[in-house]
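The block underneath contains the structure these notes are about, expressed in structure tokens.
Note that ligands are numbered from 1 as they come in the structure, with each ligand's atoms numbered from 1 the same way. Computation of the quantities below employed the complete heavy-atom set of this structure, encompassing side-chain atoms and omitting hydrogens, waters and symmetry-equivalent molecules. Computed from a predicted structure; not experimentally measured.
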Amino acid sequence: MLMRSVLVVLLLLAATVCCVPTSAPSSNHSASYEESTLRILDVATQRMRTIWNMSKSIFLQLTSKGKSPLGGQAPSKHEVEMETYRLVYELAANLSVVPVEQLRDPVLRRRVQRLAKLQLQGLRPEAYEQAKDLLRDMQNYISGSLVCTSDDCSARRPLAMYPQIYQRNMRSKRYEELKLNWYSWRSAINEKNHAKNTFIDYVRLLRIAATYNGHVTPSRTWYLNYDTENFQAEMEEVIWEIMPLYREMHAFLRHSAILAYPKANFKDDGAISAPVMDQMLSQAWYPHQIFQTPYPKDQLPSVHNRLEQVLVTPVKINKKAAEFFESLGLNHMSDNFYERYSRRMNDDEGSADCKSQVYYFPPDVALRYCPKLDYKKMMQIHGIMAELQYNIYKRELPFGLDTEPCPGFGAALGETAVLASGTPRHLHKLKILINDSLTEPQLLNRLFRMGVHTLLAVPQYFINDKFLVDVMDGRIGVQDYNCAFWRLQDKYAGVQPPIWRSAKDFDVDYKFYRGMQPDKSNTRKFISEILGFQFYRSFCLASGQYKPGNPSYPLHNCDFHDSKEAGTLLRDMMKLGATKHWRDIMQIGTGERKLSGRGILEYFAPLFTWLKERNMQLDIEPGWDADDLCRKE
Ligand SMILES: *[C@@H]1O[C@H](CO)[C@@H](O)[C@H](O)[C@H]1NC(C)=O
Ligand SMILES: *[C@@H]1O[C@H](CO)[C@@H](O)[C@H](O)[C@H]1NC(C)=O
Ligand SMILES: *[C@@H]1O[C@H](CO)[C@@H](O)[C@H](O)[C@H]1NC(C)=O
Ligand SMILES: *[C@@H]1O[C@H](CO)[C@@H](O)[C@H](O)[C@H]1NC(C)=O
């Protein structure tokens with residue numbers, strides 16, 4: 001900070017000394033500012049190219065079975081990350097002295113504005129290292145073997161929250177076990193206040209990063225590229241917009257939970273116990289779930305066998321997904337891409353969380369794909385292909401604007417293809433389903449599971465995000481962290497701790513810690529879901545595959561495959577990268593400039609109707625008036 005302000009002063013001095021008389025045409029200042037700024041950016045771009053080269057050699061090394069294709073050892077991911085940090089840190093300092101308002105070229109102005117402000121990467125090297133250490137600690141809460149769920153830990157290796165405890169909870173039929181696991185993980189990581197103090201230290205660093213940007217309110221830096229005064233309020237509006245639907249879903253699930261765990265004595269008017277909520281969310285697509293689906297006897301058609309027969313290999317799935325985008329008129333994935341830049345992950349990497357990875361090293365983009373062959377992976381790969389397409393368009397843009405306009409925007413574009421590819425209509429096109437629509441009961445079962453997957457998750461992303469930001473901005477004091485967290489759970493989600501808690505505990509869940517990484521933030525997840533449904537609705541309308549009021553073309557069965565109209569919207573947004581404000585870009589695709597819950601509400605409309613009727617029949621009152629189970633002292 002000091003260094004940068006000194007530079008600013010020097011430059012201002014230099015400007016006044018060298019460039020008087022001020023009556024000279026200001027266009028000359030602009031020209032010379034533009035020139036020197038471009039020089040800085042050109043040098044930076046060169047450095048970025050060497051970093052891309054490093055990524056490329058990592059990709060090649062990882063996919064060449066140990067042989068080093070370029071000779072020598074490929075750099076490590078850590079080196080790439082540190083080089084990137086050094087580059088963006090120096091560059092931000094150099095650009096922070098550029099008088100942005102003097103630049104006439106709007107694209108250049110935007111490049112400078114975006115590259116001059118950073119989040120964690122704006123921290124000085126020691127502080128940045130410290131932030132990385134804290135993130136590693138928090139990551140270890142999730143995947144470290146830390147938890148003894150029985151009294152005797154010596155007999156058995158401790159378990160990790162993810163995936164071990166997560167999977168146990170998913171399969172469990174005993175509330176006592178869920179409760180014990182819930183409690184054990186929290187006491188293990190917060191022994192001697194460890195988790196809470198780690199969080200406090202991390203927030204301190206986030207605040208410092210914000211002061212470097214000149215932001216008085218630290219959340220402005222957390223929400224940097226959303227570039228909106230009080231962005232939180234806009235997200236909250238969406239939460240209230242979808243709340244009527246959430247409450248019906250919540251009421252129905254609470255009823256299921258009471259039936260599933262009769263011995264737990266849940267109150268019928270209350271919130272849902274946190275471990276049960278977590279369990280239900282994890283069971284969205286699990287066949288032995290504890291909740292009831294609307295029509296338990298009407299199984300969804302099994303697509304697994306047909307999928308294997310039709311798509312045969314992961315490569316074939318990839319090509320199908322690529323073809324989805326080609327059908328929209330987007331880029332054709334060349335043979336060169338498949339031969340050189342599309343590689344299968346090693347089998348030992350394909351564990352619980354086998355996620356395909358996209359690499360960006362312009363002029364090339366690359367893919368390491370998960371070799372699993374199932375319905376879920378088939379849908380996911382459509383999101384991955386969207387990311388590849390996005391990279392192919394973005395690489396034409398100058399460095400600094402060759403990214404999404406705000407975090408989650410790209411994932412939201414990908415979400416549209418994920419949604420479309422999973423519809424009965426699309427599966428019918430692929431000859432995986434005989435019919436292009438489901439029976440009414442099957443359709444409601446499918447929407448219900450989609451609802452568990454989406455509607456339960458969205459308020460949790462919001463709560464996690466709000467808690468972090470309210471702490472960061474000082475709206476929640478240290479003494480009140482835990483009870484404030486439970487008040488948010490109560491207000492926005494109807495979720496309650498399973499036992500009495502106090503201000504000494506620190507009960508955030510593992511997804512909260514995961515979201516501390518700026519590139520996996522809960523904000524990003526929230527945006528990708530909400531915007532994703534908004535984009536989907538818009539592409540579906542454009543393609544004529546969604547016709548409001550026409551029962552043959554409901555939003556939830558819309559497949560915009562083959563639609564050049566939808567493709568044009570998608571491409572026009574992708575091509576812009578970050579050259580414009582995300583609202584301007586979203587307007588191109590949707591005609592809207594704000595986040596809205598409309599996509600979600602229209603998608604789930606038949607489920608909403610069904611839930612309202614069913615809850616009425618069962619005499620279930622939606623909503624909650626739960627006891628406060630967190631003591632402040
Ligand atoms: C303004 O800049 C142009 C070239 O960019 C130069 O030819 C001209 O002499 C400059 N005028 C003044 C007043 O500095
Ligand atoms: C990147 O690698 C290519 C080929 O390996 C090489 O020709 C090029 O000069 C490298 N670029 C930079 C900026 O290091
Ligand atoms: C920043 O400016 C310094 C001093 O002019 C220069 O040495 C360095 O290469 C620049 N770095 C970047 C990334 O612009
Ligand atoms: C396909 O749909 C038709 C008409 O709705 C129905 O009669 C038939 O049973 C369905 N077939 C299957 C396999 O679901």
Would you mind checking if E404 and R524 are paired as a salt bridge, meaning a charged N to carboxylate O distance below 4.0 Å? yes

Atom NZ of K575 with >12 non-hydrogen neighbours under 6.0 angstrom: no

Specify the protein heavy atom at minimum distance from atom 9 (O) of ligand 3: its residue, its atom name, and the distance to 0.1 Å. E90 OE1, 4.0 Å

Is there a donor-acceptor pair under 3.5 Å between the side chain of Q139 and the backbone N or O of Q517? no

Is at least one protein non-hydrogen atom found at under 4.0 angstrom from atom 4 (C) of ligand 3? no

Numbered atoms of ligand 3 (with element) below 4.0 Å of I40, judged on heavy atoms: 14 (O)

Side chains of D137 and Y202 only: does a donor on one sit below 3.5 Å from an acceptor on the other? no

V43 to ligand 3, any heavy atom closer than 4.0 Å: no

Tell me the protein heavy atom at minimum distance from atom 2 (O) of ligand 3, and give that distance in Å. N94 ND2, 2.4 Å

Is atom 14 (O) of ligand 3 touching the protein, meaning some protein heavy atom lies under 4.0 Å away? yes

Does atom 11 (N) of ligand 3 have a protein heavy-atom neighbour under 4.0 Å away? yes

Can a cation-pi geometry be assigned to K56 and F59, taking NZ or CZ under 6.0 Å from the six-membered ring centre and within 45° of the ring axis? no

Closer than 4.0 angstrom, basic N to acidic O: yes or no for E237 and K594? yes

Atoms of ligand 3, numbered as shown, that sit under 4.0 Å from any heavy atom of R47: 13 (C)

